[in-house]
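Okay, structure first, notes after.
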Amino acid sequence: MPRIAPFEVPAPVVIGAEPLTVAAVVDVARHGAPVQVAPAARERVAASRALIERLADDPEPHYGISTGFGALATTFIAPERRRQLQASLIRSHAAGTGAEVEREVVRALMLLRLQTLASGRTGVRPIVVETYAAMLNAGITPIVREYGSLGCSGDLAPLSHVALAAMGEGEVRTATGETAAAADALAAAGIRPLVLEEKEGLALINGTDGMLGMLALALADLEELLTVADVTAAISIESQLGTDAVFAADLMALRPQSGQAASAANLRAFLAGSPIVASHRDPAVCTRVQDAYSLRCSPQVHGAARDTLAHARTIAERELAASVDNPVVTLDGRVESNGNFHGAPVGYVLDFLAIAVADVASIAERRTDRALDRTRSNGLPPFLADEVGVDSGLMIAQYAAAGIVSELKRLAVPASVDSIPSSAMQEDHVSMGWAAARKLRRGIDGLARVLAIELVTGCRALDLRAPLQPGPVTGAVRDLVRRAGVAGPGPDRHVSPDLELATELVLSGAVAAAASAAAATSPARADRPAETPQESA
């Protein structure tokens, strides 16, 4: 999913001092922010490692330290074989297959595992923490394959591919994006490959870091896309001669849903001062009783998505404060097995977000379809075509939106209910959180494209309302779209490049930024009470 990088590299992110924020994850994963390990974290790591080394010398077996793993947890491993045990664990678990996972996802995964390693709860040596930090700062990104994680016992295969690269094995991509042998890339960066000691193999792969990293990135994306959805809804409402009266603050207060109130406030701000909206306020001019649901209920749908996003953020922030490993070194010095690696909390909200994404895209596609239907668009030409009968206008753009929405409905089917047993029934219930995250990423890309199609359609419809002019905010967005090279009304042309340009505007943040800037400087009062609502059912 392309994003425009910031003009400057963000400030360094400190590891091990306090829980990471969603913004910090995005800065490191997507924008290349460097990381620094807090001195106090180094001290914690060294202290917990000393405990692990004492247990390694104990003749009594301790899981993951002097035993095998999973179904082999009762098998004692002699000291001279433990390095081989750790290396074998990583090599055998680096069993991913399929397409490469995106660079930003792998960097998020590495960062989150590094944060847990720096917590002092995993028992690794300080050199392990330093190696992961050095790889991130050098831009070395292990090649991780899409399939392999069941979201329980951690994102095992993805995390193992990262650990394998830290051992100097497997393949990576360099800071310039070129494929290289891990050993060569580490050598070029002056990083010595790790030779894993007791407990370290488990510590590197037991965590929800992959699914959590994708959740953090999704939160950032959806925060922006839901604002874009309010923008495109406003353009559709305005260009289809809908009313803003139904978004009045007092009407929203009758149903105190916070997300709904936020979306309605956006719609009021984005439609404020619109000559098009003002042109049909007089009941003698407009005799419609009420708008269709896809126009009238936009804040209810977008608001529900906002509330789902807020819940997902709460879960993500809790998980970002966690130290997930098995076994884990407790604050009082015990080494205890646990089940905190199970991805259910993260998997659930990833699925919840996929449902919200599908529904926001669905209502946007319905608004687009109304604009193209002469029987429902309130005077616009069929398909917004220039010469009806000769030109097809944006007919097939709506097909594209409909096809994406259909796929998003399939992607909304939850992955987190689809457990499948593994490891000889030792791991007999798994979260499928990684799969939930992967389909959400595809869903977010689809939502951006559906909103881009509504943007292109709505801006053309606004132009066709001339000589009436759009409001300050919607007009600013329309002008942005035109400056980017997206065509206005006229004879048919190649539509696909216009849709791609609009999608880039949506994904880059330009649409949301243009709307927000125009709303902040608009002479129209965005917070004014809406006029008396039309009669409702």
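These figures come from a predicted structure and were not determined experimentally.
- Contact between Val37 and Ala133 at its shortest, heavy atoms only, is CG2-CB, 4.0 Å.
- Between Asp307 and Gln260, the closest side-chain pair of non-hydrogen atoms is not below 4.5 Å.
- Under a 3.5 Å cut-off, the side chain of His93 and the backbone N or O of Ile205 do not form any donor-acceptor pair.
- Side-chain contact check for Met214 versus Leu440: every heavy-atom pair is 4.5 Å or farther apart.
- Looking at Arg107 and Glu102, no side-chain N of the basic residue comes within less than 4.0 Å of a carboxylate O on the acidic one, giving no salt bridge.
- The OG1 atom of Thr314 sits 9.5 Å away from the CG atom of Leu309 when rounded to the nearest 0.5 Å.
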Review point. What do the steps show when you test Ile15 against Leu111 for side-chain contact (heavy atoms from CB on, under 4.5 Å), and what is the final call?
Key: CA-CA 9 Å; Ile15 303 300; Leu111 171 69; 3.4 Å; yes
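- Closest heavy-atom contact between Ala94 and Leu164: CB-CD2, 4.1 Å.
- With rounding to the nearest 0.5 angstrom, the CG atom of Leu217 is 8.5 Å from the CD1 atom of Ile444.
- We find the CG-CG distance between Asp221 and Leu226 to be 10.5 Å, quoted to the nearest 0.5 Å.
- For Ala436 against Ala415, the heavy-atom pair with the smallest separation is N-CB, 3.8 Å.
- Closest non-hydrogen pair, Asp498 versus Gly485, comes out as OD1-O, 3.7 Å.
- Among pairs with a residue in residues 152-171, those fulfilling salt bridge (Lys or Arg N to Asp or Glu O under 4.0 Å) read Arg91-Glu169, at least two apart in sequence or across chains.
- Val486 and Leu501 make their closest contact through CG2-CB, 3.9 Å (heavy atoms, listed as atom of the first residue, atom of the second, distance).
- Ion pairing of Arg441 with Asp445 is absent here, as no side-chain N (NZ or NE/NH1/NH2) approaches a carboxylate O to less than 4.0 Å.
- Without hydrogens or angle criteria, Thr21 side chain to Ala24 main chain gives a donor-acceptor distance under 3.5 Å.
- The shortest distance between side-chain heavy atoms of Ser431 and Val346 does not fall below 4.5 Å.
- With hydrogens and angles ignored, the 3.5 Å screen pairs a side-chain donor or acceptor of Ser419 with a backbone N or O of Val430.
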- [ ] Step by step, work out the side-chain hydrogen bond (donor to acceptor under 3.5 Å, both in side chains) result for Ser406 and Arg410.
- [x] CA-CA 7 Å; Ser406 183; Arg410 295 190 292 273; 3.2 Å; yes
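- Glu319 contributes atom CD, which lies 8.5 Å from atom CG of Asp209 (distance to the nearest 0.5 angstrom).
- Expressed to the nearest 0.5 Å, how far OG1 of Thr141 lies from CD of Glu104 amounts to 11.0 Å.
- Residue pairs meeting the ring pair (Phe, Tyr, Trp, His ring centres under 6.0 Å) criterion with at least one partner in residues 327-361, sequence neighbours excluded, are His342-His429.
- Not one N or O on the side chain of Ser119 forms a donor-acceptor pair closer than 3.5 Å with the backbone of Gln115.
- The structure places CG of Leu117 at 9.0 Å from CD of Glu200, a figure rounded to the nearest 0.5 Å.
- Two residues are said to be in side-chain contact when any heavy atoms from C-beta on lie closer than 4.5 Å; Val128 and Val45 fail this criterion.
- Using modelled atom types, one side-chain atom of Thr232 and one backbone atom of Val228 make a donor-acceptor pair closer than 3.5 Å.
- At least one donor-acceptor pair closer than 3.5 Å links the side chain of Thr131 to the backbone N or O of Ile127.
- Side-chain atoms of Leu331 and Arg121, non-hydrogen and from C-beta on, do get closer than 4.5 Å to each other.
- For the pair Asn338 (side chain) and Asp325 (backbone), a donor-acceptor distance under 3.5 Å is present.
- Closest non-hydrogen pair, His302 versus Ala229, comes out as CE1-O, 3.2 Å.
- Formation of a donor-acceptor pair under 3.5 Å by the Lys199 side chain with backbone atoms of Arg49 is not found in this model.
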Trace of the side-chain contact (heavy atoms from CB on, under 4.5 Å) decision for Val456 with Val495:
CA-CA 10 Å; Val456 170; Val495 176; 6.0 Å; no
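- Put simply, the side chain of Val162 does not reach to within 4.5 Å of the side chain of Leu204, judged on heavy atoms.
- Note on Glu500 versus Arg449: salt bridge recorded, some NZ/NE/NH1/NH2 to OD/OE distance being below 4.0 Å.
- No side-chain heavy atom of Pro158 sits less than 4.5 Å from a side-chain heavy atom of Val101.
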### Task
Go through the steps for Leu215 and Leu219 under the test side-chain contact (heavy atoms from CB on, under 4.5 Å), then give the verdict.
CA-CA 6 Å; Leu215 174 58; Leu219 291 173; 4.2 Å; yes
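- Between the side chain of Arg313 and the backbone N or O of Val22, no donor-acceptor pair lies under 3.5 Å.
- Side-chain contact between Leu196 and Met167 is present, with at least one heavy-atom pair separated by less than 4.5 Å.
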Q: For side-chain contact (heavy atoms from CB on, under 4.5 Å), just list the numbers for Val328 and Asn340, CA-CA rounded to whole Å, side-chain angles, deciding distance to a tenth of an Å, and then say yes or no.
A: CA-CA 10 Å; Val328 67; Asn340 285 340; 5.9 Å; no
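- The salt bridge (Lys or Arg N to Asp or Glu O under 4.0 Å) pairs that include a residue from residues 351-365 are Asp351-Lys439, where partners are two or more places apart or lie in different chains.
- Remark: the Arg44 side chain and the Ser48 side chain contain no N/O donor-acceptor pair separated by less than 3.5 Å.
- The residue from Gln86, Glu80, Arg81, Arg82 that alone fulfils the side-chain hydrogen bond (donor to acceptor under 3.5 Å, both in side chains) condition with Gln84 is Arg81.
- In terms of modelled atom types and a separation under 3.5 Å, the side chain of Asn206 and the main chain of Val324 share no donor-acceptor contact.
- Remark: Glu178 does not engage Arg173 in a salt bridge, criterion side-chain N to carboxylate O under 4.0 Å.
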